Structure formats: C-alpha cells, structure tokens
Amino acid sequence: MKSKESKNIHWLVRSSTIKLLWILMFLILGIVVLLQFFGHIHGHFIIDETFGFNAWYGFIACVIMVFISKFLALFVKRKDNYYDD
Amino acid sequence: MINFIPPGIILIIAGFLLLIVPKQLFRIIAFVAPIITIFIVLQIPDGVSLKGNFLDYSIEIIEGDKLSRLFGLIFSIMALGGTIFSINNIKNKELGFAFIYAGSAIGVTFSGDLISMFVFWEIMAIGSTMVIWNGLELTSHKAGLRYALVHFLGGVILMIGIIGNINQTGSSNFTAVSLDSWAQWLMLIGILINAGAWPISSWIGDAYPEASAGGMVFLSAFTTKTAVFVLIKTFPGTEILVYIGLIMIFYGIIYALLENDMRRILAYSIVNQVGFMVTGIGIGTEMAINGAASHAFAHIIYKALLLMSAGSVLYMTGKRKCTDLGGLYRTMPITTICGIIGALAISSFPLTSGFISKSMISQSAADLHLTYVWFLLTAASAGVFLHAGIKFPWFVFFQKDSGLRPKDPPFNMKISMIIFSAICILIGIFPSVLYSLLPFEVDYVPYTFGHVIAYLQLLLFAGLAFFILLPQMKRTLTISLDTDWLFRVVSLRIINFFSKELKILSDGIKGGTPEQISSFIDHLIKYHGPSGILAKTLPTGRTIFWVIVIFVLFLILTFLS
C-alpha cells in the first residue's frame, strides 16, 4: 500500500506534467495538419482533399455525436438499479 | 484422411469431455483440442470433402473455400487464445460449453448446405447461453434467459426462412440468394438478429457483460461474426444492409458513450464494429467483401484483447463500473499497455490491424461514389476512437485515482494479452499476411502518405474533442433504456393493466346481475372453469379407461346391429 503522499506525486498526475501533455498534444495536432503541405491526400469528393478537412470533420463529428448522446440521455437514462425490482 | 474430420466436431467433442474429465486431463484437452483444430482448418481443401444424406437432401458437412478457412482459422485461434486467458479463472463447465459454442461456430463456417448450417447455428445458441448462465452473479441467469429467448426466436425465424427457401428453390445449397421472397426475408431477419442489428441489438449489451471475465472473451468472438460470415455467403451486395449497418454503427457509438459499465461499453462497440462489416457486405464489391472479412478477422483479435484487459481488471478488482475504477495504470502496467494497443487497433490507428482492414470498407464506398455512406463512415471512424479508443482506457486506467491498487493479473492472462497485442501490431505492419487469406485478390495499398495523414488528423482531432468535452462525459450510475424495455417493462404493464381492469369489470358485472344469473355463472365455473371436472385434462389412465369403454360399447353395438 502506498501512502497518500506518494500517490500525489506520481509523475503522470502532477499539474506540470498535465500542462506539458496538453502542449505536446497541440504540437502533435499542429504537425499532423501541417504535414498535409508535404503530401497530397487523395480524395474522391473534392472537399475531402481540402486542407485540414479530416481534422475539422473528425472534431465536429465527435462534438455532434456527444451532444446527440446527451440529448438521447434525457429520454433513456435511468438509475442503474432500474430493472432490479 | 485428416480432411474427413470436421474441425468443429473436434472442439464440440472436446467441450463435452471437458464437462466430465478429471482435473489432470482437463488442461491437456483444453490446450490440445484448439491446436488440432487450427491445424485441420488449414488443411481443408476447396470444395466438398465430407457429405451425407438426410431425408431427400444432401448434407455437406465440410465444404472449404478461402472465406470459410479465414473464419474457421480465426475462430480456432480465438478458442486457443480464450483458453490461455481463462484457464485459471473459468469454471470447468463453462470452458466446456465455450468449446461447444466455438466448435459449432466453426461448424457453420464449413457447412456446405443450409440444413447443417442451421443445426450448428442452434448448437451455438445453446452453448453461448450456457456460458452466460455460468457467469458471475445471479443477474446472469435472468440475462441469459433473455439472451436465449432472443436467439431461439431468431433461430425459429431463420428455420422458417430456410424451409421456405428450400421449398421455393428446391435447393438447400448454402450460397448467395436474392432477396425476393418472404422466405429470404425471414432468413435475412434471422441472421441479422444474431448479428445484433437494430432494433434487436440490446441483447449484446444486456447479456454478454453478465458472463465471467473469460466467458465474455469467448462470447465476443463467435455469434455476431458467424452471422457476418453467413451474411457474406448468402446476401452479398444487398443494398438494405448498407443502411442497417450504418444504424448499427451509430447506435453502438451513442450507447457506448452513455454507458458506465466498462464491459458494456465494449459490448456496444461490438455492435458498432459489426455495423462496419454489415455495411461492407451491403456494398458488396470485391473490395468491400474483402474489407468486411478482414475486419471481422482483425476485430475478433482486438476485441478479445480489449475484453482480456477489461476481464483482468474485473478479475483483480471485482469491479466493473467506470465510476468505481480509475488510476489503475500505476499498478497494472501490462494490462494498461495491452488495453491501449487494443484500443488503438479498434480505432484503426496506422500500424495496427484495424487500419488495414476497415479502410478497405471506406475505400469501396468511395470507389462507388456512395457520398453519404462515405461521409458517415468517416464520421463513425472518428466516433470509434471517441467511444472505445479513448473512453475505455481513460475511464478504466486513468481518469481519477480510485484508490484501487491491484497488481497485473496472473501469468497466463498476461501472456494471452501480450500475444494478442503482438498479433494486432504484426497484422498492422505486415498487412499482406492477412490480405493473402482473403476471399478475393487484394488490390489495395493502405500505407500511402496521404491516407496515413488523413487518418491521423481524423483520429487525433477526435481525441481533442474527447478531452475538451470531458466534463460532458462524466460517468454517472446510470443505464440507458433500449428496445428491450418494450418487453421487459411495457409488456408487463399492459398485462397488469388488463388483469386489473378486467377484475374491476367482472366485479361490476357480478354486482349488477340478478341472483339466478350469477348462480348460473358460478355453476358454469364449477364444472367448466380451470379446475372444473368437465374442463380438466384427464390423466392418461382415465383416458385409456374411457377409450376402452367406448370401444367395448362400439363392439357390442356392432354385434347387435
């Protein structure tokens, strides 16, 4: 059993590490988009060849899906002992 | 000679032996039987190599082609992998039934006619139900019963369809049929129920997570993928499958996003992944069928890997809800890394097996210029990373510190995870190995600079969306109602309503009627009611007595006349 102190200082959950991870993530995201300057994405529908299409399309698709699920939750969400009795 | 032993029968016999043999023999059979099966599957030649007759129909128990060998191979690899993972944590009986289940799935893949296919199909339903019934808790009994109801209903529908089809076409051949009579529609419905197609898809999320850690590893592989195999054989290029597949894809994503139970997240994601395959079968070109078949192969491996990882967490902590888990990366590094590899593979990250299989399905949609289908598949690919690729590892291994400090699981469970992780990556790096097993010649290069960049953009920005929306995704102690609510709750309410209302009605009628009428009704009930002497079903002895009396009377009357 680890003490509470040593739990708090695990390197992965330090706030400095988390900040660094966010910076690293944005850096990678930037690189992945900029790489499109060095190579052609072969598309089939015109728009999918445009600059950064997959980036914004993926992002927006996910946002929409999360909000659809939140909307659906208004109707279908129940406590997890709903069927028990 | 070896070609004449049906590989599925070997596992089924081994399964029955596992139910009864003593402990010393148990492990030997559990490991040797799947290895022999893998070996035999690879030897099966093209064409029919074992047949017999049943009534007027010829029964082809072994008919091989590339497609059946591909599915037979992955099913037998799965039987071996599942055994390695679960040998220390599964009940003897449970593994026995899992082998019967796996063997019958292999039996379906090598069936050359619809009758033997259907027999194996039904054995599969029995085997899988028994695996669920041997699960962890009391809830698995009820869930198993619901599972059995759905599958036997599906089985009856399929059987009516097959009989109708044989009547109409005069052939029991297990080949492609066109969807132009009621019998073929019933066949399609029966198969789709096993594939987990909406609206009868809730059984996957309902029943599978009630099985044990090892049990669910087995369950995830066979039923739905056997249905995919049968769909490829019978309904390739059937347009309606494109739409059914797309509904399954988004149903899986949305329900997985709402889910709190870690293995139920993965169960919904089975529906999502099978949706990709069903869409591919609906598109029906050689590229699409190759995509569906290879995706089934790749999916079985990485889904089993994900469930081994989740199963290890369940085995070590006894907990299954995301709200109870979190921060396990500290003490379960191997389980975490293997879980992440499975999550990357299901998300089709470059250098994993999902990348080289799923992209063939999208490519086939693009080749035919199916605009909406392609855009929806692309959005769904981002959604897979969202609901399974990040959500599962994040909420189980990272998220918050739950205070749990479990160790990595025992040796055999670790080894099985490492082997399956390696297969995910090896297929991703050397796609030609899998491509050479596919039913059609592959003319597709997954690794082009543009394709890799496009996928990385899509997936990494989906990841960004996840972390930005994290507050929206907070786990709660909830479940989501599904279509099974209709028969679990609404049907009961209707029955209760009518029994209550009818009672009031009958009381009212009784109260308002004159004495003579109600005594007449009582008289009727006395003699003709449920326990009335004139309505009772008679015991056999008494029936025979009266039959003899009538017979004797008949004889006497005959003599007299």
Side-chain angles (χ1 to χ4, degrees), chain A residues 1-2 4 6-8 10-13 18 21-22 25-26 28-49 51-73 75-84, chain B residues 139 142 250 253-258 260-261 321 327 329-331 365-367 369 371 374-375 378-383 385-387 398 401 403 405 448-469 472-473 476-482 485 488-489:
Chain A
M1 272 293 144
K2 288 184 179 176
K4 204 175 175 190
S6 69
K7 259 194 284 179
N8 289 341
H10 191 285
W11 63 271
L12 199 61
V13 286
I18 289 173
L21 283 175
W22 274 102
M25 183 161 112
F26 278 106
I28 293 172
L29 291 174
I31 291 171
V32 169
V33 175
L34 290 177
L35 271 176
Q36 212 175 332
F37 281 123
F38 301 98
H40 174 67
I41 292 181
H42 178 68
H44 298 263
F45 306 99
I46 304 164
I47 188 176
D48 55 339
E49 292 189 346
F51 182 73
F53 164 77
N54 288 282
W56 67 257
Y57 186 71
F59 183 82
I60 289 177
C62 287
V63 173
I64 292 173
M65 280 184 269
V66 169
F67 282 101
I68 290 176
S69 74
K70 297 293 282 186
F71 176 74
L72 193 70
F75 304 99
V76 301
K77 219 166 176 170
R78 295 288 187 280
K79 284 222 167 65
D80 64 358
N81 56 6
Y82 176 78
Y83 282 121
D84 290 356
Chain B
T139 46
K142 283 185 175 177
F250 287 98
I253 295 176
I254 301 286
Y255 270 81
L257 282 174
L258 294 173
N260 186 35
D261 182 316
K321 292 172 186 167
Y329 69 93
R330 291 177 175 85
T331 51
D367 289 343
H369 272 267
T371 314
W374 186 86
F375 278 92
T378 307
S381 297
F385 193 40
L386 188 73
H387 85 271
F398 301 99
D401 184 4
R405 293 289 182 271
T448 63
F449 183 81
H451 189 217
V452 171
I453 292 300
Y455 249 83
L456 285 177
Q457 282 187 5
L458 190 73
L459 296 179
L460 293 175
F461 275 83
L464 177 68
F466 178 87
F467 285 108
I468 287 179
L469 294 171
Q472 301 290 326
M473 315 259 261
T476 49
L477 279 169
T478 50
I479 55 159
S480 307
L481 300 184
D482 204 326
W485 179 71
R488 291 174 72 175
V489 174

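Worth saying up front: this structure is predicted, and the values here are computed from it rather than measured. Residue numbers start from 1 in every chain, and the chains themselves are labelled A, B, ... in the order their sequence lines are given, proteins ahead of strands.
- With rounding to the nearest 0.5 angstrom, the CG atom of B:Leu469 is 9.5 Å from the NZ atom of A:Lys70.
- Using a 4.5 Å heavy-atom cutoff, the side chains of A:Tyr57 and B:Thr378 are in contact.
- With a threshold of 4.5 angstrom between heavy atoms, A:Ile47 approaches chain B through side-chain atoms but not through N, CA, C or O.
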Q: Determine, stepwise, if the pair A:Trp56 / B:Phe461 fulfils ring pair (Phe, Tyr, Trp, His ring centres under 6.0 Å).
A: CA-CA 7 Å; A:Trp56 67 257; B:Phe461 275 83; over 10 Å; no
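- Within the 4.5 angstrom heavy-atom criterion, only side-chain atoms of B:Val489, from C-beta onward, approach chain A.
- Checking each of B:Leu456, B:Leu460, B:Leu464 against A:Ile28 for a side-chain contact (heavy atoms from CB on, under 4.5 Å) leaves exactly one that passes, namely B:Leu460.
- Looking only at heavy-atom pairs under 4.5 Å with chain A, the residue among B:Ser480, B:Ala454, B:Ala462 that has the most is B:Ala454.
- With chain A as partner, the option from B:Phe466, B:Phe385, B:Phe467 having the largest number of non-hydrogen pairs under 4.5 angstrom is B:Phe467.
- Contacts of B:Tyr255 with chain A are made by side-chain atoms alone, with heavy-atom separations under 4.5 Å and no backbone atom involved.
- For chain A, the nearby parts of B:Leu477 are the backbone and the side chain; heavy atoms of each come within less than 4.5 Å.
- A:Val76 pairs in a side-chain contact (heavy atoms from CB on, under 4.5 Å) with only one of the listed residues (B:Thr478, B:Leu481, B:Asp482, B:Ile479), which is B:Leu481.
- With chain A as the partner, the residue from B:His369, B:Lys321, B:His451 showing the most heavy-atom pairs under 4.5 Å is B:His369.
- With a threshold of 4.5 angstrom between heavy atoms, B:Phe250 approaches chain A through side-chain atoms but not through N, CA, C or O.
- For the options B:Asp367, B:Thr371, B:Asp261, B:Ile468, heavy-atom pairs under 4.5 Å to chain A are most numerous at B:Thr371.
- Rounding to the nearest 0.5 angstrom, the gap separating the CD atom in A:Gln36 from the CD1 atom in B:Ile453 is 8.0 Å.
- For chain A, no part of B:Thr448 is nearby; none of its heavy atoms comes within less than 4.5 Å.
- Most heavy-atom pairs under 4.5 Å with chain A: of the set B:Gly327, B:Ala465, B:Ser381, this distinction falls to B:Ala465.
- In terms of heavy-atom pairs under 4.5 Å with chain A, the best-connected choice from B:Leu257, B:Leu459, B:Thr476, B:Ile253 is B:Leu257.
- Aromatic ring pairs are classed by plane angle as parallel below 30°, tilted from 30° to 60° and perpendicular above 60°; the pair A:Phe53 and B:Trp374 is parallel.
- Contacts of A:Met25 with chain B are made by side-chain atoms alone, with heavy-atom separations under 4.5 Å and no backbone atom involved.
- Chain B forms more heavy-atom pairs under 4.5 Å with one residue of A:Gly58, A:Ala73, A:Ser69 than with any other, namely A:Ser69.
- Between the SG atom of A:Cys62 and the NE2 atom of B:His387 there is a distance of 11.0 Å, given to the nearest 0.5 Å.
- Using a 30° and 60° split on the angle between ring planes, A:Phe45 and B:Phe375 fall in the tilted class, from 30° to 60°.
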Q | B:Phe449/A:Leu35 under side-chain contact (heavy atoms from CB on, under 4.5 Å): CA gap, chis, key distance, verdict | A | CA-CA 10 Å; B:Phe449 183 81; A:Leu35 271 176; 4.3 Å; yes
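- In this structure, CD1 on A:Ile31 lies 12.5 Å from CD on B:Gln457, to the nearest 0.5 angstrom.
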